[in-house]
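Side chains included, hydrogens not; waters and symmetry mates left out as well; all remaining heavy atoms used. Here the structure is a predicted model, which means the values were calculated and not measured.
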Amino acid sequence: METSFWLQKWEKNEIAFHQKEANPLLVKYFADLSLAKGSRVFVPFCGKSLDVGWLLSQGHRVAGAELSKLAVEQLFAGLGCEPEIVRAGEFERYSAADIDIFVGDLFNVSGELLGGVDAIYDRAALVALPNGMRNQYSKHLTEITGKAPQLLITYEYDQSVMAGPPFSVCNEEVKRLYRDSYDLRLVASEDVAGGLKGRCAATEHVWMLRTVVGSQ
Ligand SMILES: C[S@@+](CC[C@H](N)C(=O)[O-])C[C@H]1O[C@@H](n2cnc3c(N)ncnc32)[C@H](O)[C@@H]1O
């Protein structure tokens, strides 16, 4: 998926993926990560998700990466705080208390730039990418975060019925992408009420990925 695709989506405000409240699966299952307060959670492809505010409200710190400056401006407006904006290499980093968002292409974020993270929350990031890019994404994500544990939400549906994004990522693929780095547990599978985009039967899967001891 070209970066221009997403930038145009934000410019045209075609952001059906944006949810009007914190994701219920995040709220229900995030505690399973057993993070201490003050842990730093990385949210790849964060958009202006209300999940960021929810994580902050739980006493965590948040780091994010998002291509669209428009999205990040709206994210901070929604949080009701004025970001400090500094150049960090080829990125602009928007920061406020407990939050740093890197504006630019995640694939260019290094571990050094990102800094330490204790966990990853992936909602609509892996599934935003077409088949050919998901290997690269999972490899890069585990590299820059030092294989931090993650809560991952995926969709599974008949890709011949509807084109992505979001793309269908079957459970076998999740295992193939992450089994070398993590112990994987499928925590829940729920039918998407009304179908995906209101027209395609789909299941949402929640995964808990824990670092394999000795794999760091
Ligand atoms: C489907 S949206 C999900 C946004 C958010 N996670 C949510 O749940 O509302 C995918 C987001 O990823 C961003 N994105 C896509 N490719 C990216 C990349 N290579 N680096 C950083 N952000 C990217 C897009 O701009 C878009 O906001």
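- How far CE of Met208 is from CD of Gln150: 10.0 Å, rounded to the nearest 0.5 Å.
- For the pair Tyr121/Val62, no side-chain contact is recorded, criterion being any heavy-atom separation below 4.5 Å from C-beta on.
- Checking side-chain atoms of His205 against main-chain N and O of Cys170 turns up no donor-acceptor pair under 3.5 Å.
- The backbone N or O of Glu73 sits nowhere less than 3.5 Å from a side-chain atom of Lys48 that would complete a donor-acceptor pair.
- Nearest heavy-atom pair, Ile120 versus Pro44, reported as atom, atom and distance to 0.1 Å: CG2-CD, 3.9 Å.
- Counting heavy atoms from C-beta on, the side chains of Cys46 and Ile101 come closer than 4.5 Å.
- Separation of atoms CG (Leu152) and CG (Leu186) is listed at 10.0 Å; rounding is to 0.5 Å.
- Looking at Glu204 and Tyr155, their side chains come closer than 4.5 Å, going by heavy atoms from C-beta outward.
- The neighbour count for Lys139 NZ, taken as heavy atoms of other residues, nucleotides or ligands under 6.0 Å away, does not exceed 12.
- A donor-acceptor pair under 3.5 Å is formed between the side chain of Arg134 and the backbone N or O of Leu129.
- The aromatic rings of Phe107 and Phe45 sit perpendicular to each other, their planes meeting at more than 60°, with 30° as the lower class boundary.
- A donor-acceptor pair is defined here as one N or O able to donate and one able to accept, closer than 3.5 Å; such a pair exists between the side chain of Asp118 and the backbone of Arg40.
- Both Val206 and Val43 are part of a single hydrophobic cluster, where members link through side-chain heavy atoms under 4.5 Å apart.
- Side-chain contact between Tyr94 and Leu75: absent, with no pair of heavy atoms (C-beta onward) separated by less than 4.5 Å.
- For Leu114 against Ile144, the heavy-atom pair with the smallest separation is CD2-O, 3.8 Å.
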Criterion side chain to side chain contact (heavy atoms under 4.5 Å, CB included) on Phe42 and Leu106, from CA distance to verdict: CA-CA 11 Å; Phe42 183 46; Leu106 170 83; 3.5 Å; yes
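- Expressed to the nearest 0.5 Å, how far NE2 of His60 lies from OG of Ser39 amounts to 6.0 Å.
- Leu184 and Tyr29 are not part of a single hydrophobic cluster, where members link through side-chain heavy atoms under 4.5 Å apart.
- For the residue pair Phe167 and Pro130, the shortest heavy atom distance occurs at CE1-N, 3.5 Å.
- The closest donor-acceptor contact from the side chain of Gln159 to the backbone of Met162 lies under 3.5 Å.
- The two residues Val103 and Phe91 come nearest to each other via the heavy atoms O-CD2, 3.3 Å.
- No single ILVMFWY cluster, assembled from side-chain heavy atoms under 4.5 Å apart, contains both Leu141 and Ile153.
- Taken to the nearest 0.5 Å, the CD atom of Glu11 stands 14.0 Å off from the CH2 atom of Trp6.
- The hydrophobic clustering, which links ILVMFWY residues whose side-chain heavy atoms are closer than 4.5 Å, places Leu79 and Val27 together.
- Across every non-hydrogen atom of Asn23 and Asp51, the tightest pair is N-OD1, 2.7 Å.
- Residues Arg185 and Asp32 meet the side-chain proximity criterion, which asks for heavy atoms closer than 4.5 Å.
- There is a path of hydrophobic side-chain contacts, each under 4.5 Å, that joins Ile99 to Leu55.
- Side-chain contact between Arg176 and Asn135 is present, with heavy atoms from C-beta onward closer than 4.5 Å.
- Counting only heavy atoms from C-beta outward, the side chains of Pro165 and Phe5 approach each other to under 4.5 Å.
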Criterion side chain to side chain contact (heavy atoms under 4.5 Å, CB included) on Ser138 and Tyr178, from CA distance to verdict: CA-CA 7 Å; Ser138 57; Tyr178 285 119; 3.5 Å; yes
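- Side-chain atoms of Arg87 come within 3.5 Å of backbone N or O of Gly89 as a donor-acceptor pair.
- Lys175 is listed as a side-chain neighbour of Trp207, based on a closest heavy-atom distance under 4.5 Å.
- Of the inter-residue distances, the one linking Trp10 atom CH2 with Leu67 atom CG reads 11.0 Å to the nearest 0.5 angstrom.
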Side chain to side chain contact (heavy atoms under 4.5 Å, CB included) evaluation trace for Leu177 with Tyr137: CA-CA 9 Å; Leu177 291 174; Tyr137 167 83; over 6 Å; no
Verdict with reasoning, Glu173 to Thr154, per side chain to side chain contact (heavy atoms under 4.5 Å, CB included): CA-CA 11 Å; Glu173 179 174 349; Thr154 56; over 6 Å; no
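- Across Leu33 and Pro149, no two heavy atoms sit closer than the pair CD2-CB, 4.0 Å.
- Applying the 6.0 Å contact sphere to CD of Glu14 captures more than 12 heavy atoms from other residues, nucleotides or ligands.
- Within the model, atoms CG of Asp100 and CZ of Arg93 stand 5.5 Å from one another, a figure rounded to the nearest 0.5 Å.
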